Amino acid sequence: MSKRPWGYQPLPERPDPSWELHQETQSVRAGLARSGFGETSEALYLNSGFTYGSAEQAVASFADEVDHYVYGRFANPTISMFEERLAAIEGAEFCVGTGSGMSAMFASIACMVKSGDRVVASASMFSSCYVILMEILPKWGVNVELVESNDQKGWAKALSKPTKVVFIETPSNPMLDIVDIKMVSDLAHNVGATVVVDNVMASPVLQKPLELGADVVMYSATKHIDGQGRVLAGAILGKKSYLEEHLSQFIRHTGPSLSPFNAWVLVKSLETIGMRVERMSQSAQKIAEFLESRPEIKSVRYPGLKSHPGFAIAQKQMSGGGSTIGIEFNGDQSAVFKFMNALRVIDISNNLGDSKSLITHPASSTHRRLGPEVLGEMGITESVLRLSVGLEHSSDLLKDLEQAF
Ligand SMILES: *Cc1c(COP(=O)(O)O)cnc(C)c1O
């Protein structure tokens with residue numbers, strides 16, 4: 001068998017910079033662990049298992065006495081690079097990558113709750129998050145209560161009783177409802193709750209829930225983190241104490257693991273996430289303003305518009321309105337479908353946060369599962385479209401929308 005014939009030599013240690021690196025620098029540098037080959041780019045370790053130099057080393061590795069990778073369900077070097085990089089961008093003590101956004105959302109809550117516990121959540125959310133909270137967890141004896149995103153009194157009332165977990169999705173998908181993360185976190189901590197934020201719609205570029213007082217952040221990395229429509233993935237970030245007390249064992253044994261290949265795609269995607277999300281958010285702001293001026297449109301939901309009921313809070317906790325716009329038409333479903341079918345650049349698709357602009361009819365697709373009553377409560381009527389603004393030139397997108405009208 002060959003014995004490292006190609007000049008494999010562990011690289012000499014280099015001291016860390018003595019100053020704090022900016023997010024842009026972290027996005028291309030954090031977590032980079034080069035092998036003895038000295039490769040420039042992050043390596044893809046597409047392996048499920050690991051070998052040991054001796055039986056004793058295997059024992060010590062399993063006993064956590066030495067740092068040595070053991071098994072792909074627990075950790076892998078490429079996955080670690082992605083996790084370290086995202087943790088550095090988020091400003092979190094740890095990050096755990098998962099196979100999808102939903103496995104991240106489920107694990108982040110399921111690892112904490114038992115029968116009889118109480119969970120409080122914001123009422124507007126992605127349909128699968130709703131199913132986990134309102135159908136799956138109650139089956140196991142967990143009590144879940146919903147509060148309208150901007151109902152300050154409702155939050156104060158719901159969080160006057162002992163609560164295990166508070167789950168908030170802000171902005172929400174697809175209506176971009178805003179929850180005051182700091183206000184809810186303060187109330188939650190008074191009753192001993194752990195605050196989990198679904199930060200998918202803002203991405204780590206535009207909103208930092210941990211700085212605002214939240215305890216845990218979760219992502220669908222399928223959205224802006226990949227941002228180029230290639231892989232399904234998720235991530236959970238927060239404090240080491242939450243990882244050690246709750247999450248670590250749950251993840252190890254239930255196995256919602258991220259694929260090393262997907263982690264490799266994502267570690268490269270993170271290099272450009274700042275540029276992508278900022279550009280998408282700037283274009284979305286222009287498009288939201290344009291849509292608001294159109295007679296065909298009844299209302300535009302975008303956190304960067306003064307007309308948004310959560311505008312003041314969004315200004316406080318987000319550094320941009322994001323890439324997604326909720327649009328309510330004056331016409332019925334057939335008028336809305338006619339508009340979608342007339343688009344020449346923007347694609348009809350159910351994804352978001354992609355470099356390609358995508359338009360969705362949530363009531364009949366992404367949120368269909370919720371049924372008419374819940375959809376009505378969330379304001380997702382048959383006249384609502386969700387536009388995810390991509391990286392095309394904003395004037396091409398404006399022209400496309402204009403000609404479709
Ligand atoms: C897409 C999405 C999820 C689920 O992520 P997947 O990667 O599709 O599993 C969760 N929350 C929000 C807000 C989303 O938009």
Side-chain angles (χ1 to χ4, degrees), residues 30-33 35 42-52 58 61-64 66-90 92-113 126 128-129 131-132 136-137 167 196-200 204 216-270 273 351 353:
L32 172 59
S35 78
E42 296 72 10
L44 168 54
Y45 293 91
L46 193 59
N47 57 302
S48 51
F50 298 85
T51 61
Y52 309 92
S61 305
F62 269 84
D64 268 341
V66 294
D67 275 336
H68 192 289
Y69 285 99
V70 172
Y71 188 47
R73 174 146 45 78
F74 310 156
N76 162 288
T78 307
I79 297 172
S80 299
M81 287 192 253
F82 163 65
E83 291 171 339
E84 271 193 41
R85 186 162 294 175
L86 184 55
I89 294 170
E90 190 75 45
E93 289 178 12
F94 83 87
C95 171
V96 171
T98 62
S100 70
M102 284 325 301
S103 61
M105 186 274 177
F106 177 67
S108 70
I109 298 174
C111 74
M112 293 204 73
V113 294
F126 182 59
S128 297
C129 299
V131 171
I132 287 179
I136 297 174
L137 293 181
F167 175 78
V196 179
V197 176
D198 182 333
N199 201 33
V200 168
V216 178
V217 174
M218 55 118 312
Y219 288 106
S220 161
T222 320
K223 312 293 167 58
H224 304 87
I225 294 178
D226 172 22
Q228 290 147 89
R230 298 165 296 187
V231 301
L232 211 67
I236 306 168
L237 302 101
K239 293 192 189 77
K240 278 244 165 72
S241 54
Y242 166 82
L243 176 70
E244 284 159 10
E245 284 164 38
H246 303 287
L247 188 66
S248 181
Q249 289 299 307
F250 188 91
I251 292 271
R252 259 176 109 101
H253 301 296
T254 60
S257 320
L258 178 58
S259 137
F261 179 81
N262 291 358
W264 177 76
V265 169
L266 296 169
V267 79
K268 302 306 290 176
S269 304
L270 283 177
I273 191 173
N351 206 356

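All of these numbers come straight from a predicted model, not from anything done at the bench.
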Minimum heavy-atom separation for [X] and [Y], please, with both atom names.
X	Y	answer
L247	A107	CD1-O, 3.9 Å
L270	L86	CD1-N, 3.8 Å
R73	G255	CD-CA, 3.5 Å
Y45	P77	CD1-CB, 3.5 Å
R85	A30	NE-O, 2.8 Å
E83	C95	O-CB, 3.2 Å

Backbone N/O of A43 and side chain of T78: donor-acceptor pair under 3.5 Å: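 A pair under 3.5 Å: yes.
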Flag, side chain of H68 to backbone of F62, donor-acceptor distance under 3.5 Å: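 Not at all, since once roles are kept as given, no pair shorter than 3.5 Å links the two residues.
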Could you measure the distance from the [atom1] atom of [X] to the [atom2] atom of [Y]? Nearest 0.5 Å is fine.
X	Y	atom1	atom2	answer
I251	S103	CD1	OG	7.0 Å
S257	N76	OG	CG	10.0 Å
F106	I236	CZ	CD1	11.0 Å
L237	M218	CG	CE	10.0 Å

Given side chains that start at C-beta, do those of [X] and [Y] come closer than 4.5 Å, heavy atoms only?
X	Y	result
I109	L137	yes
Y219	E90	yes
I132	F167	no

Results of side chain to side chain donor-acceptor pair (under 3.5 Å) for S108 - residues two or more places apart only: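 S108 satisfies side chain to side chain donor-acceptor pair (under 3.5 Å) with no residue once adjacent residues are dropped.
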side-chain contact (heavy atoms from CB on, under 4.5 Å) partner of S220, chosen from T98, N199, V200: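 Only one of T98, N199, V200 forms a side-chain contact (heavy atoms from CB on, under 4.5 Å) with S220, namely V200.
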Mutual orientation of the aromatic rings belonging to H246 and Y242 [parallel < 30°, tilted 30-60°, perpendicular > 60°]: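 Tilted, since the angle between the ring planes falls between 30° and 60°.
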Pairs touching residues 236-255 that satisfy salt bridge (Lys or Arg N to Asp or Glu O under 4.0 Å), sequence neighbours left out: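 Found D215-K239.
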Under 3.5 Å, side-chain donor or acceptor atoms of residues 262-269 against the rest of the protein: list the pairs with distances, not counting sequence neighbours.
from: N262; atom 1: ND2; to: L232; atom 2: O; distance (Å): 3.4
from: W264; atom 1: NE1; to: E42; atom 2: O; distance (Å): 3.1
from: K268; atom 1: NZ; to: S41; atom 2: OG; distance (Å): 3.1
from: K268; atom 1: NZ; to: E42; atom 2: OE1; distance (Å): 2.8
from: K268; atom 1: NZ; to: E271; atom 2: OE2; distance (Å): 3.0
from: S269; atom 1: OG; to: R230; atom 2: NH2; distance (Å): 2.9
from: S269; atom 1: OG; to: V265; atom 2: O; distance (Å): 2.9

